[in-house]
Enquirer: 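Handing you a structure now.
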Amino acid sequence: MAARTHSGMRGIAAVPSYVVMQPTTLCNLDCAYCYLPLRAADRRMPVEVAEAVAASVNPWAAAGRFSVVWHGGEPLAAGQEHLAALLAPFGPEVEHHVQTNATLIDDAWCAFFVEHGVRVSVSVDGPRERNAERVTRGGRAAYDRILAGVTALRRHGLPFSALAVVSRPGPGLATELYDYFLDLGCDVLGVNIEETEGVNTRSNARDAAAVTGFWAELVGAWRRDPRIHLREVEWSLRYAGAVLAGTAEELLPRRLDPIPTVAHDGSVVVLSPELAGFTHPRYGDFGSGNVLTTPLAEILAGAGRTPWVAEFLTGVEACRSSCPYFGFCGGGHAANRYFEQGRFDGTETEHCRNSKIRLLEGVLEHAREHQSPAV
Ligand code: SF4
């Protein structure tokens, strides 16, 4: 099923499909697996940074669907007044999203989301006992506060997505998680196997059969009640369908989406939000420019010349010529290469094994076991 492909994308697109913005570096939680280096500091994005980004984004949004994802830190820790001031420069066509730990969501925040048309994605790892890594700065479990935030969203009838991190995949977990998220009421679910990134240096090497089995079980749980859009499974099924139809090579975009992350101070890191805030003797601060001095559109047009990005593109070409999963994966994951291998031109990482290769193998395992014509 993992069709070898030799064409597909080359280089980086000049126009992204979304921009990630960091309204504050601060997070009110201190999760054990978090990659953010400055999450204890409250460095807020000045409104001038949002105005500069909006100058490039508004024309893109007028020409087609475009999102701004307010990430963090914890974006709601910036406060409603400041977040509203950061949203103000963006035109009405721009879709706004927040990725939040939900602990600060109350009735007032729900009213804010409605007023500003903000879509909400909540980070929660499953039932209470699965959230042991999600703790406050004082080390106390955050689960009750997360649930209170989600309850507020539901009380206001606001649809929301969920993002779960799985640290120890094993039998039974996928079914437990899927049933939990059905009850929680999210309409979209993304599942990440824990990654070695940023200041999280814990190894993400996992038993291959356990990870493949986790994904296979998740497909089974989803197929029994597919009310949730399950991000990873839907990607896989779309790819499997395209391989069977002989159209897999059309699935990858022609060029990598640059996915710029604009940090609190206006500096721009492309492709991997996880690199923002780090420095390296050879790669510097990984930045491609600063929106306070150069328009975002201009920064992205030259992003391919950023030294680490050029090295990464060499790695993507190595993936293209060596990996049978390239047609599905596209060879992304710059930050995973760097944090696992110390450089950008390698190929297979533990992350791509867990989240691409074994995902596809898991979908196939499920199909083999169930002999289903649907997959
Ligand atoms: S990142 Fe990993 S799965 Fe993706 S194309 Fe490269 S080697 Fe293959």
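Side-chain atoms are counted along with the backbone in the values below, which use heavy atoms only and exclude waters and symmetry mates. It should be emphasised that the depicted structure is a prediction, and the values quoted were computed from it without experimental measurement. Start at 1 and go down the list; that is how both ligands and their atoms are numbered.
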Enquirer: With a cut-off of 2.8 Å, does C323 place any N/O/S atom under that distance from atom 8 (Fe) of ligand 1?
Expert: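 Yes, within the cut-off.
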Enquirer: What distance separates E74 CD from Q22 CD, expressed to the nearest 0.5 Å?
Expert: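 Those atoms lie 12.0 Å apart.
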Enquirer: For the OG1 atom of T212 and the CG atom of L360, what is their distance to the nearest 0.5 Å?
Expert: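 Here the interatomic distance stands at 10.0 Å.
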Enquirer: Which atoms from ligand 1 have a heavy atom of C319 less than 4.0 Å away?
Expert: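 Heavy-atom distances to C319 below 4.0 Å select 1 (S), 5 (S), 6 (Fe), 7 (S).
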Enquirer: Hey, is atom 4 (Fe) of ligand 1 within less than 2.8 Å of some N/O/S atom on C329?
Expert: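 Here the distance criterion (N, O or S atom, under 2.8 Å) is met by C329, so yes.
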Enquirer: I'd like to know whether the aromatic ring centres of F312 and Y338 sit less than 6.0 Å apart in this structure.
Expert: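 Not under 6.0 Å, so no.
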Enquirer: Is the side chain of E48 donor-acceptor paired with the backbone N or O of L292 at a distance under 3.5 Å, no angle test?
Expert: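 Flag not set: sc E48 to bb L292 has no pair under 3.5 Å.
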Enquirer: What protein heavy atom sits nearest atom 2 (Fe) of ligand 1, and how far off is it?
Expert: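 Residue, atom and distance for the closest contact: C352 SG, 2.3 Å.
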Enquirer: I need the atoms of ligand 1 closer than 4.0 Å to a non-hydrogen atom of F326, numbered in the order shown.
Expert: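 Matching atoms, with element in brackets: 5 (S).
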Enquirer: Would R155 and D107 pass as an ion pair if we require N to O under 4.0 Å?
Expert: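 Between D107 and R155 there is a salt bridge, with a charged N closer than 4.0 Å to a carboxylate O.
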